[in-house]
Amino acid sequence: MRKEIGLVLILVAAACAPLYLPPYELSLLGRFLALAVLALGISLIWGTGGILSLGQGVFFALGGYAIAMHLKLAGLDPGTVPDFMQWSGLNTLPWWWAVFAIAAVFVLPAAAAAALAYLVFRRRIAGSYFAIITQALALAATTLIISQQQFTGGFNGLTGFTSAFGFTLGDPHTQFALYWITLAVLAIAFVGVRLLQNSPFGKVLLAVRDGENRVRFLGYDPLPFKVIAFAIAGVLAGISGALVTLDLGVISPAMFGVVPSIEMVIWVAIGGRNSLFGAILGTLAVNFGKDVISSAFPELWLYVVGAIFVLVVTILPQGIMGLALSRRTPRISAPGAAAPPAVVPE
């Protein structure tokens, strides 16, 4: 009960942030809360399912480009094409641009994640091999988008949209509304993933993480559980990409390539992959730290995040929340004493 009250108080404090935070800090908080939606998906597949993905940036990009293409289309006069297409010599809009609507933010990442998971997991590829495949996918997606400048804006990405659904993105009232929408989406995602973890589906997924072959011997097929979990993580990444794109007004390959995809895993590792709250905490802590340190010492940040990740992996394998839980767990003081309870994802 005390934990639930604490979470409610944190949610109320976050909802009141526009009343006491300056505009710049509020914009950062909103953006990082949007990134925390993606982190919840990583916590689900990595912490609960034991699936390490180094390519969640791909699904983040699908959501971001989907909303950006929709906003580009909404801001065009009939019969015209976006400016970067005109610069590349295109005079007609590609047919597939019209497909990118609001539903694509959810459908595209889910379909891509489910297809990848099915093709890979049906061959029982897992562990570091799957991580390498997803990392290669992030590199391939980045290279593809950069090379297709006439369709995707290339390295600069999609930008130049200043309004969304009739509202001016730069207006303070719109920024406040977008912040509250982001916070609500994060809260709903947190509750949804938590309920999923506590459901029979989540229990089987946890069992798959601890012993996939034993789950098969018990009569369960791990494939659909892993595919569904990975698809849910893809949807969360796509929603995160759409919210960040609305906040920044731009989506580009620099935001979802190999390095950003690895950083996403680092957020969750530092906060604690077995804890949903830890995933959010790690995302906020690392990104706020990045903003402060990179602003003062631009060349120092990569060394700092590398050192923190090494420290967490070697000393705090369960992250910040794992350390907090271990301090509350009673130590075994005598032979034959009961073992402490296992860490349950939060």
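Worth knowing before you read on, the calculation uses all heavy atoms, side chains too, and leaves out hydrogens, waters and symmetry mates.
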Check your understanding: In this structure, which one of Ile67, Ile251, Leu35 forms a side chain to side chain contact (heavy atoms under 4.5 Å, CB included) with Val244?
Key -> Leu35
Check your understanding: Do Phe225 and Phe121 make the cut of ring centroids closer than 6.0 angstrom?
Key -> no
Check your understanding: Could you give the distance from CD1 (Ile228) to CD1 (Ile45), rounded to the nearest 0.5 Å?
Key -> 14.5 Å
**Study point:** Pair Arg214-Leu218, side-chain contact (heavy atoms from CB on, under 4.5 Å): steps then yes or no
**Key:** CA-CA 6 Å; Arg214 282 179 287 180; Leu218 291 174; 5.5 Å; no
Point to revise | Tyr65 side chain to Gly157 backbone, donor-acceptor under 3.5 Å | key: no
Exercise for review: In sequence, state the C-alpha distance, the side-chain angles, and the governing distance for Thr142 and Val258, and then conclude on side-chain contact (heavy atoms from CB on, under 4.5 Å).
Suggested key: CA-CA 8 Å; Thr142 305; Val258 174; 5.7 Å; no
Exercise for review: Could you give me the CA-CA distance, side-chain angles and deciding distance for Val120 and Tyr129, then say whether side-chain contact (heavy atoms from CB on, under 4.5 Å) is met?
Suggested key: CA-CA 10 Å; Val120 175; Tyr129 297 102; over 6 Å; no
Practice item. Enter the distance from Arg194:CZ to Leu40:CG here, rounded to the nearest 0.5 Å. Key: 12.0 Å
Check your understanding: Between CD1 of Ile181 and CG of Asp247, what distance do you get to the nearest 0.5 Å?
Key -> 12.0 Å
Check your understanding: Between Ser43 (side chain) and Ala39 (backbone), is there a donor-acceptor pair under 3.5 Å?
Key -> no
**Study point:** Heavy-atom closest pair, residues Gln56 and Leu38
**Key:** O-CD1, 4.3 Å
Review point. Below 4.5 Å, heavy atoms only, C-beta onward: do Gln175 and Leu26 meet side chain to side chain?
Key: no
Practice item. Check the angle between the aromatic planes of Phe176 and His173 and answer parallel, tilted or perpendicular using the 30° and 60° thresholds. Key: perpendicular
Review point. Within the side chain of Trp267, is there an N or O that forms a donor-acceptor pair under 3.5 Å with the backbone of Ala279?
Key: no
**Study point:** Residues forming a side chain to side chain donor-acceptor pair (under 3.5 Å) with Asn156, sequence neighbours excluded
**Key:** none
Point to revise | Thr159 (side chain) donor-acceptor with Gly249 (main chain) under 3.5 angstrom | key: yes
Check your understanding: Taking side chain as C-beta onward, heavy atoms only, is Leu205 less than 4.5 Å from Leu44?
Key -> yes
Review point. Taking the side chain as C-beta and beyond, is there a heavy-atom pair between Val193 and Gln197 under 4.5 Å?
Key: yes
Check your understanding: If only atom types and distance count, is the side chain of Thr134 paired as donor or acceptor with the main-chain N or O of Ala131 below 3.5 Å?
Key -> yes
Review point. Thr182 side chain to Ala34 main-chain N or O, any donor-acceptor pair under 3.5 Å?
Key: no
Review point. Which pair of non-hydrogen atoms, one from Ile125 and one from Phe130, has the smallest distance, and what is that distance?
Key: CG2-N, 4.1 Å
Check your understanding: Does Gly47 offer a backbone N or O that forms a donor-acceptor pair with the side chain of Arg209 under 3.5 Å?
Key -> yes
Check your understanding: In the single-linkage hydrophobic clustering (I, L, V, M, F, W, Y; side-chain heavy atoms under 4.5 Å), do Tyr20 and Ile10 co-cluster?
Key -> yes
Practice item. State plainly whether one hydrophobic cluster holds both Ile132 and Leu137, where clusters connect Ile, Leu, Val, Met, Phe, Trp and Tyr through side-chain heavy atoms under 4.5 angstrom apart. Key: no
Exercise for review: Report yes if the side chains of Ile270 and Leu281 come closer than 4.5 Å at any heavy-atom pair, otherwise no.
Suggested key: no
Check your understanding: Just by distance, do the side chain of Ser294 and the backbone of Trp301 share a donor-acceptor pair under 3.5 Å?
Key -> no
Review point. Does the pair Thr152 and Leu158 meet the rule for a side-chain contact (heavy atoms from CB on, under 4.5 Å), with working shown?
Key: CA-CA 7 Å; Thr152 63; Leu158 299 181; 5.6 Å; no
Review point. Same hydrophobic cluster for Val312 and Val310, using side-chain heavy-atom links shorter than 4.5 Å among ILVMFWY?
Key: no
**Study point:** From CG (Leu183) to CG (Leu11), nearest 0.5 Å
**Key:** 5.5 Å
Study note, to complete from the structure: All heavy atoms of Glu263 vs all of Lys290, minimum pair found to be OE1-NZ, 3.5 Å
Check your understanding: Are Met264 and Phe288 connected in the hydrophobic side-chain network, where two residues link if heavy atoms are under 4.5 Å apart?
Key -> yes
Review point. In this structure, are over 12 heavy atoms from other groups packed under 6.0 Å from Arg124 atom CZ?
Key: no
Check your understanding: If Ile, Leu, Val, Met, Phe, Trp and Tyr residues are connected whenever their side-chain heavy atoms lie under 4.5 Å apart, and connections chain through other members, are Leu223 and Phe217 in the same group?
Key -> no
**Study point:** Interatomic distance, Thr48 atom OG1 to Arg273 atom CZ [nearest 0.5 angstrom]
**Key:** 10.5 Å
Exercise for review: Kindly check if the number of other-residue, nucleotide or ligand heavy atoms within 6.0 Å of CZ (Phe201) is above 12?
Suggested key: yes
**Study point:** Close side-chain approach of Phe256 to Val58, heavy-atom, < 4.5 Å
**Key:** no
Check your understanding: Do the ring centers of Tyr303 and Phe297 come within less than 6.0 Å of each other?
Key -> no
Point to revise | Leu29 CG to Leu21 CG distance, which is reported to the nearest 0.5 Å | key: 6.5 Å
Practice item. Identify the two heavy atoms, one from Val105 and one from Gly238, that lie closest to each other, and give their separation to 0.1 Å. Key: CG1-O, 3.8 Å
Point to revise | Option among Leu116, Val235, Leu236 that satisfies the side chain to side chain contact (heavy atoms under 4.5 Å, CB included) test with Phe59 | key: Leu116
**Study point:** Nearest heavy-atom neighbours spanning Gly57 and Ser261
**Key:** N-OG, 3.2 Å
Exercise for review: Hydrophobic side-chain clustering at under 4.5 Å (ILVMFWY, transitive links): who's grouped with Phe155? Put none if nobody.
Suggested key: Ile146
Review point. What is the minimum heavy-atom distance between Leu311 and Thr314, and which atoms define it?
Key: O-OG1, 3.3 Å
